[in-house]
J.: 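Input: one structure, supplied below.
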Amino acid sequence: MDIAKLKDILQNAGVTGAGGAGFPSYAKLNKNADVVILNCAECEPLLKVHRQLLAVYASEIINTMSMITEVIGAKEFAVGIKKEYTEAVEAVKTEIKDYKNGRIHLLNEVYPSGDEVILTYDVTKRLVPPGGIPIDVGVIVYNVETVLNIYNAVKLGKNVTHKYVTVAGEVHKPQTVKVPIGTKFSTLLEFCGGKTVSDTALIQGGPMTGRKATENDTVTKTTNAVLVLPNEHYLINKRNQKVTMSVKRAMSACCQCKTCTEMCPRNLLGHPINPGDFMRSLTSDIANTNVLLNTQYCSQCGVCEMYACPQGLSPATLIGIYKSGLRKNNIKPEKLSAPQSAKEERNYRQIPMSRLIRRLDIVKYDVPAPLCDEGIECKKVKIYLSQSIGAPAVPCVEIGDAVKTGDKIADPKDAALSLALHSSINGTVTDITDKYILISSK
Ligand code: SF4
Ligand code: SF4
């Protein structure tokens, strides 16, 4: 197979990054890469998708990594996986010995080792330039579920219709469930035995970077977790805090200790992001333009806010708002030269997962969430036309059409980065808007 053929298969099967920003997988394929990394860091606490999929589907996933490596003409692939995921590590070790172009790289149990820029450095010792992406240093990164979807598309001719989601927190039966895309979160919670307390709030994604959600929200191709927490939990209070209050608190309580900067994972790689100086510029008359513009090099990992700041301030949230203001004004991050080296102190300033879990007050929720691979039955799905970075798909069905699981319901728009969409259940199209397609089996 050549690279153009593989790109075509992935675009038409609707394969996108299964988690994170949802970068279309076909668009990552690039002949300039010499290393392909499998991301099994899964560094957000409580999420348990990738390690379990890799333990079960190691043969398919390793074989697909080797195939991608050959198609793009890269030298090798590397599996970046935490030592603690022993079952998956053993499964990979068993499979990878048959591949001359593959190696395993064991990662420490620290946060945020799954950030692609950080993973690239840990696995290859190459420093991605600020404002750049891994391909700038010859690296492509795919996570485990994405590679499983690539296997399904290439080897089995299956389109992306389902997503694996960890449901954790205040539910009777925490699980990692295979679920049709477009399923309501309330259906997921019912499947997991229902809630254990009544006054709850939801987070879609991990406790560090996930955003607040409701039970009416639906699973998309990037939903990797739904966390159910008591409404008064620290993580919910943090997300409920008004921006004006965050600014006032910063003005009155930021003592300029710079712990946020000292612990910032991107700063430790030599990138020019400095949350401590940002807080000073934001809250005083001494605005430093460079510091403000450099917010564009923040990854939004949340370390400065959720772990580092002794005053409980919100640098990551405020930086996020500042960054989106820059974006709205069409100010884009300039790609800088890669740093010469990471900072030496990085070796002893990484955040152990066990301490992070204690700090976030989620020890009681850190329990197994076993894989349920049979898939939830769902009678109604709402499939959003935009499920990844890039142009939304264009519906190719009409209201009243009968569709089966895997049938195409929207074409990629004739523009870069758009992906096809497929029905995730057997049913009838009941509504089409400019945002979504509704399918019902009743
Ligand atoms: S969120 Fe905070 S710690 Fe993370 S990269 Fe941005 S400034 Fe650094
Ligand atoms: S860690 Fe908190 S108090 Fe210290 S400089 Fe950063 S924002 Fe200010």
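Numbering of ligands and ligand atoms starts at 1, following listing order. Values below: all heavy atoms of this structure, side chains included; hydrogens, waters and symmetry mates excluded.
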J.: Which atoms from ligand 1 have a heavy atom of Ile273 less than 4.0 Å away?
T.: 7 (S)
J.: Would you call Met67 and Leu6 a side-chain contact if the rule is heavy atoms closer than 4.5 Å?
T.: yes
J.: Closest approach of Leu313 and Cys309, non-hydrogen atoms and distance?
T.: N-SG, 3.4 Å
J.: For Ala213 and Phe185, which heavy atoms make the closest approach, and how far apart are they?
T.: CB-CE1, 3.8 Å
J.: Within less than 2.8 Å, report the number of protein N/O/S atoms around atom 2 (Fe) of ligand 2.
T.: 1
J.: Which heavy atom of Asn224 sits nearest a heavy atom of Val49, and at what distance?
T.: O-CG2, 3.7 Å
J.: Can you name the closest pair of heavy atoms from Gln256 and Gly276 and give their distance?
T.: NE2-O, 2.9 Å
J.: For Ile81, run the side chain to side chain contact (heavy atoms under 4.5 Å, CB included) check against Leu106, Asn39, Leu107, Leu38 and tell me which one passes.
T.: Leu106
J.: Any atoms of ligand 1 less than 4.0 Å from a non-hydrogen atom of Ser299? List them with their elements.
T.: 5 (S), 6 (Fe)
J.: Could you tell me, atom by atom, which parts of ligand 1 come under 4.0 Å of a heavy atom of Gln300?
T.: 1 (S), 6 (Fe)
J.: Is the count of non-hydrogen atoms from other residues, nucleotides or ligands lying under 6.0 Å from Gln340 atom CD greater than 12?
T.: no
J.: Out of all atoms in ligand 2, which are within 4.0 Å of some heavy atom of Lys258? Include the element for each.
T.: 4 (Fe), 5 (S)
J.: Taking only residues two or more places apart in sequence, or in another chain, which ones meet Glu44 in a salt bridge (charged side-chain N to carboxylate O under 4.0 Å, His left out)?
T.: none
J.: What protein heavy atom sits nearest atom 1 (S) of ligand 1, and how far away is it?
T.: Gly302 N, 3.3 Å
J.: Is there a side chain to side chain donor-acceptor pair (under 3.5 Å) between Asn12 and Tyr26? Walk through the geometry before answering.
T.: CA-CA 10 Å; Asn12 285 300; Tyr26 81 89; over 6 Å; no
J.: Closest approach of His162 and Ile181, non-hydrogen atoms and distance?
T.: N-CD1, 3.8 Å
J.: Against heavy atoms of Ala316, which atoms of ligand 1 measure under 4.0 Å?
T.: 1 (S)
J.: Quick one: look up the protein heavy atom nearest atom 8 (Fe) of ligand 1 and list residue, atom name and how far away it is.
T.: Cys264 SG, 2.3 Å
J.: Which residue and non-hydrogen atom of the protein lie closest to atom 6 (Fe) of ligand 1, and at what distance in Å?
T.: Cys298 SG, 2.3 Å
J.: Just wondering, do Leu127 and Val137 contact through their side chains at under 4.5 Å, heavy atoms?
T.: no
J.: For atom 8 (Fe) of ligand 1, does an N/O/S atom of Cys301 lie at less than 2.8 Å?
T.: no
J.: Identify, by atom number and element, the atoms of ligand 1 in contact range of Pro265, meaning under 4.0 Å from any of its heavy atoms.
T.: 3 (S)
